[in-house]
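As a basis for the values below, the full set of heavy atoms in this structure was taken, side chains included, without hydrogen atoms, waters or symmetry mates.
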Amino acid sequence: MCGRWALGLAKQDLEQETGYSFPPDSYYRQSYNVKPTQNQPLIHDGKFEIMKWGFSLGKTFVINCRSDTLLVKPTFTPIKHQRCVIPVQGYYEWNEKTGQPYFIHSEDKLMYFACIWRNESGIKHFVTITTEASPNIMPVHHRMPVILKKEEIGKWNNPQTTIQEIVGMMRPTHDLVYHTVSSKVNSIKNDGPELIKHVKIQTMTDFFPRKSKESHSDSPKKRPNVESDSPQKRVKVEPENPTQSPIQTLPRQSPTQTPSRQSHSKDTGLKKVKTEPSPKKTRPITDFFSKKVQAK
């Protein structure tokens, strides 16, 4: 949408860079956070002229117009003969999904936005013209301003240029670059060259960094101490049957089946020893009577 831009060059630097001069009594305030309704220097009639940004349409305030509807809306009939150009260092755009501000600019020191102007109560007002964004700008925003080449400024401002030629000049620009900037640009109270400087986006990994795989591989892993300093004695168990291996495994039983005592003793090779019950000791009946007599 292009609702903010930066134009922080001094008047002398701006004249030297563009080749156009300011009138002696003109006032130009450089800013890195230009907002609508501010006065800006526009190239018109072969020189710089101060105009106010935005059209007042009753209760509506318009700061730009679409190139695809420019020729059909009566509000923008000045496209036919009242055209102008504004130089900027770059413009700000906010990502439509995240709200992150970006500064979009070219490799050159200045870009030239195509504009139209009209007279409102004796004061000249201007609006920028937007078109569909180029593929490299599409991740940030789906619209972008119509940007002219420096050698096209005279042709754009010339009233003799035909509408067909004007339409051919309203195309996307493909050689722009952009970077993230501070959210300070969100407030129109902030201004200064620090607003256009690149600022890294803070993510969750910046607060909770992940450990790399290399750091894990560098640290030695703890392994169980298999070998002991003190020698251990090994005891070899000889089976009763020489043909029987020292270690025997029990047959696998189902969970509901429990091995019987007989099968267990048979599988483990234990010998059954038959023991005779010891005879019960009987006491003579006279023992009971002798104890009673003694008690009396």
Side-chain angles (χ1 to χ4, degrees), residues 1-15 17-18 26-42 48 50-56 60-65 85-115 125-147 172-209:
M1 182 178 178
C2 184
R4 305 273 186 86
W5 61 64
L7 184 54
L9 296 181
K11 184 183 290 187
Q12 295 79 7
D13 297 333
L14 194 56
E15 289 178 335
E17 186 66 28
T18 60
S26 62
Y27 171 74
Y28 158 61
R29 176 180 175 272
Q30 58 195 76
S31 173
Y32 288 89
N33 197 2
V34 179
K35 65 179 181 64
T37 71
Q38 286 186 342
N39 293 330
Q40 290 292 284
L42 281 95
F48 276 111
I50 304 301
M51 300 184 187
K52 190 174 183 179
W53 184 7
F55 285 175
S56 298
T60 307
F61 191 78
V62 180
I63 63 174
N64 52 43
C65 55
V85 176
I86 181 169
V88 300
Q89 291 176 265
Y91 68 99
Y92 301 101
E93 199 62 85
W94 284 258
N95 186 278
E96 297 175 299
K97 296 181 180 179
T98 65
Q100 171 65 41
Y102 290 83
F103 183 67
I104 305 174
H105 60 98
S106 68
E107 298 294 344
D108 299 328
K109 187 176 290 186
L110 291 174
M111 298 188 299
Y112 300 93
F113 290 176
C115 306
H125 291 242
F126 75 95
V127 293
T128 59
I129 302 173
T130 64
T131 185
E132 184 179 355
S134 57
N136 60 322
I137 302 298
M138 195 68 73
V140 180
H141 201 276
H142 69 286
R143 304 288 296 179
M144 68 181 301
V146 172
I147 302 174
T173 303
H174 299 274
D175 57 351
L176 300 183
V177 293
Y178 59 86
H179 58 259
T180 54
V181 295
S182 171
S183 58
K184 292 181 180 179
V185 75
N186 297 351
S187 174
I188 59 176
K189 297 179 181 179
N190 298 324
D191 200 349
E194 67 277 2
L195 295 182
I196 66 174
K197 292 183 179 180
H198 172 61
V199 174
K200 183 182 177 182
I201 302 176
Q202 295 290 335
T203 60
M204 291 301 294
T205 55
D206 296 329
F207 297 98
F208 305 99

Checklist entry - Are Asn95 and His141 side-chain neighbours, meaning at least one heavy-atom pair lies under 4.5 Å? => result no
Next on the checklist: Looking at every heavy atom in both Phe61 and Gly54, which two are closest together, and how far apart are they?
Outcome noted: CZ-CA, 3.5 Å
Next on the checklist: Testing the basics here: between Tyr28 and Ala10, what is the closest heavy-atom pair and its distance to 0.1 Å?
Outcome noted: CE2-C, 4.2 Å
Checklist entry - Atom CZ of Arg143 and atom OG1 of Thr131: how far apart are they, to the nearest 0.5 Å? => result 5.5 Å
Checklist entry - Listed by chain and number, what are the ring-ring contact (aromatic ring centres under 6.0 Å, His included) partners of Phe55, not counting sequence neighbours? => result none
Item to check | Pair Thr37-Lys52, side chain to side chain contact (heavy atoms under 4.5 Å, CB included): steps then yes or no | outcome: CA-CA 6 Å; Thr37 71; Lys52 190 174 183 179; 4.1 Å; yes
Next on the checklist: Please check this pair: side chain of Arg4 against backbone of Val34, looking for a donor-acceptor N/O pair closer than 3.5 Å.
Outcome noted: no
Next on the checklist: Which residues pass the ring-ring contact (aromatic ring centres under 6.0 Å, His included) test with His142, not counting sequence neighbours?
Outcome noted: none
Checklist entry - If you draw a 6.0 Å radius around NZ in Lys35, do more than 12 non-hydrogen atoms from other residues or ligands fall strictly inside? => result yes
Checklist outcome for this item: CE (Met111) and CG (Leu7) are apart, to the nearest 0.5 Å, by 11.0 Å
Next on the checklist: Would you say that Ser26 contacts Lys11 through its side chain, given a criterion of any heavy-atom pair below 4.5 Å between the two side chains?
Outcome noted: yes
Next on the checklist: I'd like to check Tyr178 versus Val140 (side-chain heavy atoms, cut-off strictly below 4.5 Å). Are they in contact?
Outcome noted: yes
Next on the checklist: Any non-hydrogen side-chain atom of Ile63 less than 4.5 Å from a side-chain atom of Val127?
Outcome noted: no
Item to check | Test item: side-chain donor near acceptor, Asp191 and Ser31, under 3.5 Å | outcome: yes
Checklist outcome for this item: Closest heavy-atom pair, Phe126 versus Cys115, reported as atoms and distance to 0.1 Å, is CD1-SG, 4.0 Å
Checklist entry - Any side-chain heavy-atom pair from Asp175 and Glu107 closer than 4.5 angstrom? => result no
Next on the checklist: Quick check for you: to the nearest 0.5 Å, what is the distance between Leu9 atom CG and Glu17 atom CD?
Outcome noted: 7.5 Å
Checklist entry - Out of curiosity, Ile196 CD1 to Ile104 CD1, how far, rounded to the nearest 0.5 Å? => result 13.5 Å
Checklist entry - Does some side-chain heavy atom of Gln40 sit less than 4.5 Å from a side-chain heavy atom of Ile50? => result no
Checklist entry - Which heavy atom in Ser182 sits nearest to a heavy atom in Val199, and how many Å separate them? => result N-CG2, 3.6 Å
Checklist entry - Within a strict 4.5 Å, meaning less than it, do heavy atoms of the Gln89 and Leu110 side chains meet? => result yes
Next on the checklist: With a sphere of 6.0 Å drawn around NZ of Lys184, does it hold more than 12 non-hydrogen atoms of other residues, nucleotides or ligands?
Outcome noted: no
Next on the checklist: So, applying side chain to side chain contact (heavy atoms under 4.5 Å, CB included) with Val185, which one of Trp94, Phe103, Tyr102 is it?
Outcome noted: Trp94
Next on the checklist: Could you tell me if the side chain of Phe48 sits less than 4.5 Å from the side chain of Pro41, heavy atoms only?
Outcome noted: yes
Item to check | Glu93 side chain to Cys2 backbone, donor-acceptor under 3.5 Å | outcome: yes
Checklist entry - If you measure only the distance, is there a donor-acceptor pair under 3.5 Å linking the side chains of Trp5 and Asn33? => result no
Checklist entry - How long is the span from the OG1 atom in Thr128 to the CE atom in Met144, to the nearest 0.5 Å? => result 12.0 Å
Checklist entry - Distance-only, no hydrogens or angles: does the Thr180 side chain make a donor-acceptor pair with backbone N or O of Ile201 under 3.5 Å? => result no
Under 3.5 Å, which donor-acceptor pairs link side chains of residues 132-139 to any protein atom two or more places apart or in another chain?
unit_1: Ser134; atom_1: OG; unit_2: Asn136; atom_2: OD1; d: 2.5
unit_1: Ser134; atom_1: OG; unit_2: Thr173; atom_2: O; d: 3.0
unit_1: Asn136; atom_1: ND2; unit_2: Leu176; atom_2: O; d: 2.9

Checklist entry - If you round to the nearest 0.5 Å, how far is CZ of Phe113 from CG of Leu42? => result 11.5 Å
Checklist entry - With distance as the sole criterion, is a donor-acceptor pair present between the side chains of Arg29 and Asn39 under 3.5 Å? => result no
